Structures are given as C-alpha cells and as structure tokens.
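This structure is a prediction, so every number in the text was calculated from the model and none was measured.
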Amino acid sequence: KPYILIAKTSLLNAYVAQGDFTNAIKYGEEALAGSIEQGTDDTKYSIYKNLAYAYAGNDQKIKAYDYLVKAHEAFLVTNDHENKEIINDLLIKYDADKKAQEIELLTAKNKIIEHEKRIQFYFIIAGVILFILIGLLVYVIIRSRKKVTDKLIELDNSLRIFRMSSEHR
C-alpha cells in the first residue's frame with residue numbers, strides 16, 4: 001500500500017506539471033484517501049498543495065482554496081513536529097555538551113585539589129624536618145654548654161684545690 005500511495009502522489013504531481021488537472025484531481029483524491037487511511041501525515045502537505053493547484057487549474061477556486069488552507073495546516077503540523085524533533089535533538093546535544101564541560105571542570109578541580117594536597121604534604125614534611133633540625137641544634141647547643149659548664153666547674157674545682165694546697169704550704 002505505501003507504494004501505491006507513492007505512485008498515486010507521483011501521478012498527481014506529474015499531471016499537475018503537464019496541466020492535465022482532471023487526471024491530477026482523480027489521482028490526488030485517491031492519494032489523499034490512501035494517505036488518510038495509512039495515517040501518513042508527511043505526504044498530506046504535498047497532496048493538498050498539488051490538489052489545490054489542480055482544482056485552481058480546473059477553475060474550482062473554492063475547492064482550491066480549501067485544499068490550500070489544508071496544505072498550510074499540514075505544513076504547520078509537519079514543521080511543528082520537525083521543529084520539536086530538532087529542538088529535542090539540540091537539547092540533548094546541549095545537555096551532553098554541558099555534562100562533558102562539567103566533567104572537564106570537575107576533572108580540572110580534582111587535579112588542582114590533588115596538586116594542593118601534594119604541596120601541603122611537602123610543606124608538612126619540610127616543617128617536620130625543620131622542627132627536627134631545630135631540635136637537634138638546640139640539643140647540640142645545650143649539650144655543648146653543659147660540657148663547657150662542666151669543664152668550667154672542673155677547672156674551678158681544680159683552681160680551688162690548687163689555692164687550698166698553696167695556702168697550706
């Protein structure tokens with residue numbers, strides 16, 4: 001049946017182009033009935049438009065006008081449906097692009113966070129090493145002072161012993 005519809009629509013177009021409006025109307029009405037029966041909205045615009053030309057050529061202006069109005073309505077319905085599909089496709093593409101950009105942004109943020117964590121880790125390690133070095137330095141200084149103090153005390157004791165022994169002689 002779809003092939004019959006295509007054939008009758010093609011005959012309608014051919015007879016309109018040749019100026020044989022009587023045969024164009026005959027095949028156009030049959031094509032329209034087949035299109036309505038099959039529920040093919042996408043062919044109705046072409047059929048209505050060519051039937052309007054055929055009726056106008058056959059000097060049936062009112063019928064031509066009615067079919068031209070129906071052609072316009074079919075055009076709006078078809079375009080509305082096509083526009084909705086296009087808009088839906090664009091929205092899907094937009095959402096996909098938006099999600100891809102969000103993923104890129106989150107990936108970049110994660111890299112920055114990882115970099116900052118690494119820097120913080122290095123600062124902590126450097127701080128611990130610095131703290132240990134300062135602790136070792138303080139320990140060495142205290143130990144050195146204790147040795148010097150111990151040495152001075154020993155020398156003071158030796159001096160005292162020497163003075164005591166020299167006073168006793």
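Across every non-hydrogen atom of Thr9 and Ala31, the tightest pair is OG1-CB, 3.7 Å.
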Show me the donor-acceptor pairs within less than 3.5 Å that the side chains of residues 47-55 make with the rest of the protein, sequence neighbours left out.
residue	atom	partner	partner atom	Å
Asn50	ND2	Asn13	OD1	2.4
Asn50	ND2	Ser46	O	3.1
Tyr55	OH	Glu29	OE2	2.7

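In terms of hydrophobic clustering, with Ile, Leu, Val, Met, Phe, Trp and Tyr side chains grouped at heavy-atom distances under 4.5 Å, Ile129 and Phe121 are assigned to a common cluster. The hydrophobic cluster containing Leu5 also contains Val16, counting ILVMFWY residues as joined when their side-chain heavy atoms lie under 4.5 angstrom apart, directly or transitively. Note on Phe131: it does not cluster hydrophobically with Phe123, by side-chain heavy-atom contacts below 4.5 Å among ILVMFWY residues. Under the 4.5 Å side-chain contact rule for hydrophobic residues, Ile25 and Ile4 do not share a cluster. Tracing side-chain contacts under 4.5 Å through hydrophobic residues (I, L, V, M, F, W, Y), one never reaches Leu133 starting from Ile141; they form parts of separate clusters.
Of the charged side-chain nitrogens involved, at least one lies within less than 4.0 Å of a carboxylate oxygen, so that Lys61 and Asp59 count as a salt-bridged pair. Note on Asp97 versus Lys93: salt bridge recorded, some NZ/NE/NH1/NH2 to OD/OE distance being below 4.0 Å.
The line from CZ of Arg160 to OG of Ser165 is 13.0 Å long, rounded to the nearest 0.5 Å. In this structure, OG on Ser158 lies 12.0 Å from CD1 on Ile153, to the nearest 0.5 angstrom. Annotation: the span from Lys26 atom NZ to Asp20 atom CG amounts to 10.5 Å, rounded to 0.5 Å. In this structure, CD1 in Ile113 is found 10.5 Å from CD in Gln120, a value given to the nearest 0.5 Å. With values rounded to the nearest 0.5 angstrom, Lys117 atom NZ is found 13.5 Å from Ile112 atom CD1. Put simply, CD1 on Ile119 and CD1 on Ile124 are 12.5 Å apart, with the number rounded to the nearest 0.5 Å.
Taking the six-membered ring for Trp and the full ring otherwise, the centers of Tyr15 and Tyr27 sit less than 6.0 Å from each other.
One N or O on the side chain of Thr149 and one on the backbone of Arg145 form a donor-acceptor pair closer than 3.5 Å.
Taking 4.5 Å as the limit, some side-chain heavy atom of Lys44 sits within range of a side-chain heavy atom of Ile36.
Side-chain contact, Ser35 with Thr43: a donor N or O sits under 3.5 Å from an acceptor N or O.
Under a cut-off of 6.0 angstrom, the local environment of CD1 in Ile62 is sparse, with at most 12 non-hydrogen atoms contributed by other residues, nucleotides or ligands.
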Next item on the list: Take Asp150 and Lys146, measure what salt bridge (Lys or Arg N to Asp or Glu O under 4.0 Å) needs, and give me the verdict at the end.
Entry: CA-CA 6 Å; Asp150 287 347; Lys146 184 165 176 25; 3.8 Å; yes

